[in-house]
Amino acid sequence: MTSTPKFNPYLAHLHPAERATSSKVNAATSSKEPLFGFLPRNVSADQVRTAIEHDLNPFTKQPHTPQYKKILEARKKLPVFAQMDEFYKIFNKHQIIVMVGETGSGKTTQIPQFVAYSDLPHTKNKIVACTQPRRVAAMSVAKRVVDEMDVQLGRQVGYSIRFEDMTEPGTTFLKYMTDGMLLREAMNDPDLNRYSTIILDEAHERTLATDILMGILKSLAQRRPDLKLIIMSATLDAIKFQKYFGITGNAPAPLFKVPGRTHPVEVFYTQEPEPDYVEAAIRTVLMIHRAEEPGDILLFLTGEEEIEDACRKIKAEADDLINGDPESVGPLVCIPLYSSLPPQQQQRIFDPAPKAGRVDGPPGRKVVISTNIAETSLTIDGIVYVVDPGFSKQKVYNPRIRVESLLVSPISKASAQQRAGRAGRTRPGKCFRLYTEKDFMSELEEQTHPEILRSNLANTVLELVKAGIKDLVRFDYVDAPAPETLMRALELLNYLAALDDDGNLTPLGNIMAEFPLDPQLSKMLIVSPEFKCSNEILTITAMLSVPVVWLRPNNQRKEADIAKARLTVPDGDHLTLLNVYNNYIQNQYDKNWTWNNFLSARALMQADNVREQLKRTMERFEVELVSVQDQKKMFLAIRQALCCGFFMQVAHKEGEKGNYMTVKDNQVVALHPSCGLDTQPEWVIFNEFVLTTRPYIRTVSEARPEWLLEYAPMYFDMKNWPDGETKRALTRAANKREGKFGARFEEGERAGEAGVKKRKKNKLQ
DNA sequence: GAGCACTGC
């Protein structure tokens with residue numbers, strides 16, 4: 001290589017810097033290369049600025065489109081752009097950095113591009129990844145960056161979310177992805193060798209996946225000095241992350257800080273605590289409507305019912321105002337917003353405010369009444385007033401009874417700030433907090449508890465063990481979960497035979513981890529071929545993994561209930577779910593059919609999608625897809641397979657009043673009113689424990705004690721059980737059974753192990 | 001005789 005031809009396909013694959021050193025070519029030709037002189041991980045902002053202005057796209061070597069320059073002018077106005085020099089100074093010097101970028105700083109779109117100029121991942125077959133907590137964000141940011149970089153979506157720049165991989169192996173070097181997706185990858189490739197830099201965006205949201213990734217990446221950074229990490233977060237959490245990612249006993253990780261671009265928001269508190277926050281919220285909205293300048297209102301409430309109720313009341317009161325004095329106030333529209341609303345109705349939040357009732361009359365106003373969805377997931381432009389009663393529904397986990405439930409709780413200071421910020425996106429705004437300043441200062445927690453402290457960790461623990469992390473108690477968590485939560489998870493996985501008594505992954509557990517499911521579900525799915533009903537269990541599993549398919553509109557409850565009764569299988573709710581799905585398929589995914597039967601077409605489509613994904617995983621691990629033809633046998637088989645996964649979620653009837661008592665935890669529960677069983681069987685197996693007006697079990701099927709004893713002998717080993725009616729009933733069943741089956745009971749082999757062992761012998765080894 | 005904040009694989 002002594003001369004540089006005009007085009008050399010070999011040279012084109014070489015890194016420009018390497019080319020420059022490997023051949024002393026004439027500088028005039030080479031400098032036409034946009035990336036000429038770039039040294040990986042040691043580039044300067046000057047170099048990057050020059051490359052960005054180059055006529056050729058540095059990554060495709062194609063001339064830029066006119067659109068590129070136009071977008072570039074807008075990019076240059078972003079606050080991060082002004083601090084490019086500082087960014088490279090810090091990034092070049094450190095392996096891990098923490099970045100704080102307020103709303104509007106441009107961090108999510110720009111920082112990954114800056115990193116691409118530094119890592120030059122396209123020359124080394126590496127990828128720069130940027131994680132997002134939400135799928136829509138990963139998708140829309142990737143699309144934006146594609147335009148900014150003048151490349152094609154799914155080629156050089158792409159995204160990867162569940163059900164959709166918009167990347168091209170070997171070509172994609174910048175990838176936006178959900179945090180859950182990267183965690184999945186880490187499970188199978190603990191060194192994440194494809195990545196040169198990993199950026200965790202929105203780290204302050206502390207999703208379960210991001211928290212686990214922080215732990216994994218912190219230790220990975222020691223094994224892989226070539227891997228760089230950027231943790232992007234809101235201000236309040238930065239110090240915590242800096243300390244966490246600091247080298248032990250040494251300095252905290254360096255901070256790169258960029259201001260945001262928002263407008264000031266004036267905050268008001270109430271003088272006294274409000275006894276009824278919904279009533280106070282309604283009053284405040286109407287007060288704003290009467291007395292404040294034009295501008296839309298965003299009110300935060302906790303759930304669907306509260307929101308629909310408030311919508312009706314505000315509408316009624318506003319109408320009264322107008323009728324009473326049409327001169328003083330303009331028209332007002334109320335728009336509800338929560339996640340179970342169909343997307344079409346969610347779009348209504350972007351409708352413009354209503355026009356004035358008449359020429360020169362007072363202008364109209366839009367009020368969006370929303371759950372927390374408007375705090376992070378959706379931004380509504382034009383909001384000037386925020387009404388914040390200070391509550392949201394939050395997930396809480398009680399490890400003692402293994403129950404996750406939703407509880408209306410006070411929000412955190414961080415959350416309150418986020419809410420207030422929603423008023424200042426387009427111009428200066430006001431935020432009305434329906435609590436006192438004193439309560440804000442002294443009663444609200446600084447941060448919302450990270451999800452890892454509020455969740456059942458069974459799934460997470462299985463993923464961690466699969467990723468090679470065995471000592472879960474001493475794992476370096478940003479915030480360690482309660483030991484009891486970990487213990488409960490390990491215990492469940494052990495009973496399910498996913499982990500052996502030493503906490504090692506079993507062959508069964510190894511396959512279970514591959515399914516994006518709760519361990520009870522993956523266990524039941526994997527063992528279902530032994531019962532000759534895997535096609536059916538696959539469907540039921542998919543139906544249990546999506547939101548409830550039944551619709552029950554307020555004004556058509558009766559009709560909805562009748563429609564549901566037509567599809568109900570009296571032997572159990574799980575069989576009803578199977579029946580609904582099968583009917584949906586028989587009716588060829590017909591939307592009219594779903595509509596006429598008060599079923600959510602969206603949820604059913606999702607179920608079908610999930611079913612396909614699970615099916616592919618089953619095929620990959622040679623979990624057979626089989627059915628028995630005889631319906632009676634099939635119904636039995638399905639409930640037996642259910643027992644293999646859900647034997648820890650069993651309740652026994654106590655007395656004649658329809659009360660049930662959960663086995664071992666001894667919680668008194670009732671069958672949920674949605675339950676379709678036509679009798680009250682002595683033993684039931686349930687999918688879910690819900691704590692609302694009282695404790696209910698939901699999605700329930702009949703179980704038989706002999707199945708429990710046969711498929712979960714370790715769990716139903718009665719030697720160390722407390723005395724009680726449940727124990728007596730089980731003992732009766734056991735005695736009866738022992739007479740019948742004798743020796744087989746002694747084996748004590750847990751269902752599922754046999755099948756996996758067989759497969760292992762044949763295929764896995 | 002009820003209800004499902006939100007997200008993710």
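Letters A, B, ... mirror the listed sequences (proteins, then strands); counts begin at 1.
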*If you look at every strand shown and take non-hydrogen atoms under 4.0 Å, does A:Arg698 touch a base, only sugar-phosphate, or nothing?*
base
*A:Ser339 side-chain N/O to B:dA5 phosphate OP1/OP2 under 4.0 Å*: no
_What is the distance, to the nearest angstrom, from the CD1 atom on A:Ile307 to the P atom on B:dC4?_
14 Å
*Grab the CG-P distance between A:Leu213 and B:dG8 for me, whole Å please.*
15 Å
*asked:* Students often get this wrong, so: under 4.0 angstrom with heavy atoms, is A:Arg557 touching a base, only sugar-phosphate, or nothing?
replied: base
*Identify whether any heavy atom of A:Leu406 sits under 4.0 Å from a base atom; if not, whether one sits that close to sugar-phosphate; answer base, sugar-phosphate or nothing.*
base
*With heavy atoms under 4.0 Å as the rule, sort A:Leu183 into base, sugar-phosphate or nothing.*
nothing
*What is the minimum heavy-atom distance between A:Arg194 and A:Glu185, and which atoms define it?*
NH1-OE1, 3.2 Å
*For atom CD of A:Gln132 and atom C1' of B:dC6, their distance in whole Å*: 16 Å
*Does A:Glu375 come within less than 4.0 Å of A:Arg422, counting only side-chain N to carboxylate O?*
no
*Can you tell which of B:dC9, B:dA2, B:dA5 lies closest to the side chain of A:Arg135?*
B:dC9
_Base, sugar-phosphate or nothing for A:Ser392? Non-hydrogen atoms, less than 4.0 Å._
nothing
_Nucleotide nearest A:Thr371 (side chain, heavy atoms from C-beta), chosen from B:dC6, B:dC4, B:dG8_ = B:dC6
*Distance-only polar pair, side chains of A:Arg611 and A:Thr539, donor-acceptor under 3.5 Å*: yes
*Of the nucleotides B:dA2, B:dA5, B:dC9, which one has an atom closest to the side chain of A:Arg184?*
B:dC9
*Distance, rounded to the nearest Å, where A:Glu306 contributes CD and B:dC4 contributes C1'*: 13 Å
*Would you check if the side chain of A:Thr662 reaches a backbone N or O of A:Gln667 as a donor-acceptor pair within less than 3.5 Å?*
yes
*Please check the phosphate of B:dG8 (OP1 and OP2 only) for any side-chain N or O of A:Thr207 closer than 4.0 Å.*
no
*Which of the following nucleotides, B:dG8, B:dA5, B:dA2, is nearest to the side chain of A:Glu304?*
B:dA5
*asked:* I need the CD-P distance between A:Gln520 and B:dC9, as an integer number of Å.
replied: 20 Å
*Please report, rounded to the nearest Å, how far the P atom of B:dA5 is from the CG atom of A:Leu341.*
11 Å
*Are A:Arg134 and A:Glu202 within salt-bridge range, i.e. N to O under 4.0 Å?*
no
*Report which part of the nucleic acid A:Phe515 touches: base, sugar-phosphate, or nothing (heavy-atom distance under 4.0 Å, all strands).*
nothing
*Could you check how far CD1 of A:Ile697 sits from P of B:dG1, rounded to whole Å?*
16 Å
*Picking from B:dC9, B:dA2, B:dA5, which would you name as closest to the side chain of A:Arg162?*
B:dC9
*Indicate, with a heavy-atom threshold strictly under 4.0 Å, whether A:Thr178 touches base, sugar-phosphate, or nothing.*
sugar-phosphate
*Which of the following nucleotides, B:dG3, B:dT7, B:dG8, is nearest to the side chain of A:Ile373?*
B:dT7
*Under 4.0 Å between any heavy atoms, over every strand shown, what does A:Asp518 touch: base, sugar-phosphate, or nothing? Just pick one.*
nothing
*Compare the minimum distances between each of B:dG3, B:dA5, B:dC6 and the side chain of A:Lys395, then state the nucleotide with the smallest one.*
B:dA5
*Where the side chain of A:Val548 is defined as all heavy atoms beyond and including C-beta, which of B:dC4, B:dG8, B:dT7 is the nearest nucleotide?*
B:dC4
*Backbone of A:Ala498 reached by a side-chain donor or acceptor of A:Thr506 within 3.5 Å*: yes
_d(CG, A:Leu671; P, B:dG3) in whole Å_ = 15 Å
